[in-house]
Q: 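Let me give you the structure first, and then I'll get to my questions.
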2 protein chains.
Amino acid sequence: MPQRDPFGASGVQSRRTRPAKPPLSRDAIVEEALRQITSEDDGTMSLRKIAKALDTGPASLYAYVKDMSELQALVLDRALEAVKVDETAGSWRDRLEALLRSYIEVLMRSPAVAMMAFQTTAVGPNALRIAEALLELLAQAGVDQLNAAWAIDMLTMFVTATAAEHADGTAPGAPDGPVAQAINRAPANDYPRIHAARTEIMSGTGDERFTWSVDVLVRGILSRAQS
Amino acid sequence: MPQRDPFGASGVQSRRTRPAKPPLSRDAIVEEALRQITSEDDGTMSLRKIAKALDTGPASLYAYVKDMSELQALVLDRALEAVKVDETAGSWRDRLEALLRSYIEVLMRSPAVAMMAFQTTAVGPNALRIAEALLELLAQAGVDQLNAAWAIDMLTMFVTATAAEHADGTAPGAPDGPVAQAINRAPANDYPRIHAARTEIMSGTGDERFTWSVDVLVRGILSRAQS
DNA sequence: ACCTGAACACCGTTCAAGT
DNA sequence: ACCTGAACACCGTTCAAGT
């Protein structure tokens, strides 16, 4: 006879208002956290909110999770599950760009996920899976092991940073944001080069800039590798 | 007769225990915030702590600052004041690296400052000053205006991301951190490339990696510029 | 206009007490 | 071992009231 039975004799909790209170578990907590963090209208998670959604008090979660930072690491790796590492066929170059694009897309699904990718360096199975795929592609490109090892750091950093930067929803080329205002109002006397390049600074779609940036990184990495 | 006199007739607050209560002002608030955020033992700021340090209640700050995010933007640009844009003479290449090094050093003085550089894109006078200097150096390098404009975005992103990543104090090559554990424990069957490159992944000092990364970026940017 | 105390609606974490 | 209510020590922000 199990000690905890959701349909037990007490029967108090079997009201039909809630869809059968889910059992507490590490997975359930991570899943609910991910649900909150990727929710459209809020996008923010908290132990108290998770506890409430799981019909318990905040203290109960500490039986399954050491603290907030451990939960964040779990949620981050869970989110990275959606990153496709071999979406397309084709050259290593095409597959690298596709992988980075999938990566960035997943991180941008939620500002909070993007921010988490900084505070906590991902070390779960999905982070490893992505790193392995990146190393494989760089090896195909002829990059030696040392340069490849350092390069994956730069590539993941680039993806994470790009996602985090655009995480607040403001498009990069938004012509009315505070950035645009600062650039356009920059006095030509004090900042002649910014003034001269103000059009170029605001130009390009997010996609164009992403493609350009990946190209810069790949060229730089290849240039180092063969020297 | 001024309406508010710190040494007025009431005299109650002129006890010698506190060094003459500073007058409330936008600058005083930003200065106190920066002091807290760069403090060794804490490194975290809050409106309530600032208010307390300035001998008032949290509500009083809202007369000078719209909200938390505006304060963060002010603090960030104030912190960027310490970035030296023309520390050394020499080639554009040397000066570029020196500038980026000064930038990253300032951001790493406090984890919170590094994190702020993401959430809020810096648009104050110091951010402009740095951008202007970067454009000038890239122009000397022969990079055209469009490529230079997009390049400064990448360079600042790289600096900010690097600072944020190492902001938690853990050295990049720390052989006992959770990252090292994850890499070393990665099973050779599932992750053959990670396993094979595990030494290289953990190798290099922060400084060596920084130099390497700047070189990758410069090579990539120059390669794009002349195509 | 500037400043305030008090309240509102939240946080993460701890702890003694229950089962 | 798992779970709980209640407390602890915080948050940012609002608001009616004061000067």
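All values below were derived from every heavy atom in this structure, side-chain atoms included, with hydrogens, water molecules and symmetry-related copies excluded. Within every chain, numbering begins at 1; the chains are lettered A, B, ... in the order of the sequence lines, protein sequences first and strands thereafter.
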Q: Write down the partner of D:dA6 under the Watson-Crick or G-U wobble criteria, each distance required to be under 3.5 Å.
A: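 Result: C:dT14.
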
Q: Less than 4.0 angstrom from a charged side-chain N to a carboxylate O is my criterion; do B:Glu32 and B:Lys52 meet it?
A: no

Q: What is the separation between atom NZ on A:Lys66 and atom P on C:dT14, rounded to the nearest whole Å?
A: 9 Å

Q: Does a donor on one side chain and an acceptor on the other come within less than 3.5 Å for A:Ser213 and B:Trp150?
A: no

Q: Under a 4.5 Å cut-off applied to non-hydrogen side-chain atoms, are A:Glu105 and A:Arg109 in contact?
A: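 Yes, their side chains come closer than 4.5 Å.
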
Q: For A:Leu71 and C:dG12, give me the distance from atom CG to atom P, rounded to whole Å.
A: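 That distance rounds to 9 Å.
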
Q: Could you tell me the separation between the CE atom of A:Met68 and the P atom of D:dC11, rounded to a whole number of Å?
A: 17 Å

Q: Specify the separation, in whole Å, of atom CZ of A:Arg48 and atom P of C:dC8.
A: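 Distance, rounded to whole Å: 17 Å.
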
Q: Check for a donor-acceptor pair, side chain of B:Lys66 on one end and backbone N or O of B:Leu71 on the other, with a separation under 3.5 Å.
A: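 Not at all, since once roles are kept as given, no pair shorter than 3.5 Å links the two residues.
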
Q: Between the side chains of B:Ser69 and B:Asp67, does any donor sit under 3.5 Å from an acceptor?
A: yes

Q: For C:dA1, which nucleotide is its Watson-Crick or G-U wobble mate, given both distances must be under 3.5 Å?
A: D:dT19

Q: Can you check the B:Arg26 CZ to C:dC2 P distance for me, whole Å?
A: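 Taking CZ of B:Arg26 and P of C:dC2, I get 12 Å after rounding.
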
Q: Using atom CD1 of A:Ile29 as one end and atom P of D:dC2 as the other, report the distance to the nearest whole Å.
A: 11 Å

Q: Got a sec? Which of residues 33-46 of chain A come in under 4.0 Å of DNA chain D, heavy atoms?
A: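 Within residues 33-46 of chain A, no residue comes under 4.0 Å of DNA chain D.
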
Q: Does A:Ala59 reach a base, just sugar-phosphate, or nothing at all? Heavy atoms under 4.0 Å.
A: base

Q: Would you name the heavy atoms of B:Leu76 and B:Ala117 that are closest together and state the gap between them?
A: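 Reported closest heavy-atom pair: CD2-CA, 3.8 Å.
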
Q: Whole angstroms only, please: what is the CG-C1' distance between A:Leu47 and C:dT13?
A: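 Atom CG in A:Leu47 sits about 9 Å away from atom C1' in C:dT13.
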
Q: Is any side-chain heavy atom of A:Leu74 less than 4.5 Å from a side-chain heavy atom of A:Ile29?
A: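 The answer is no; the side chains never approach within 4.5 Å.
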
Q: Could you work out the separation of D:dA9 and C:dA9 based on their P atoms and round it to a whole Å?
A: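 Roughly 23 Å separates the two P atoms.
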
Q: Using OP1 and OP2 only, check whether a side-chain N or O of B:Tyr62 sits under 4.0 Å from D:dT14.
A: no

Q: Within this structure, what is the NZ-to-P distance between B:Lys52 and D:dG12, rounded to whole angstrom?
A: 12 Å

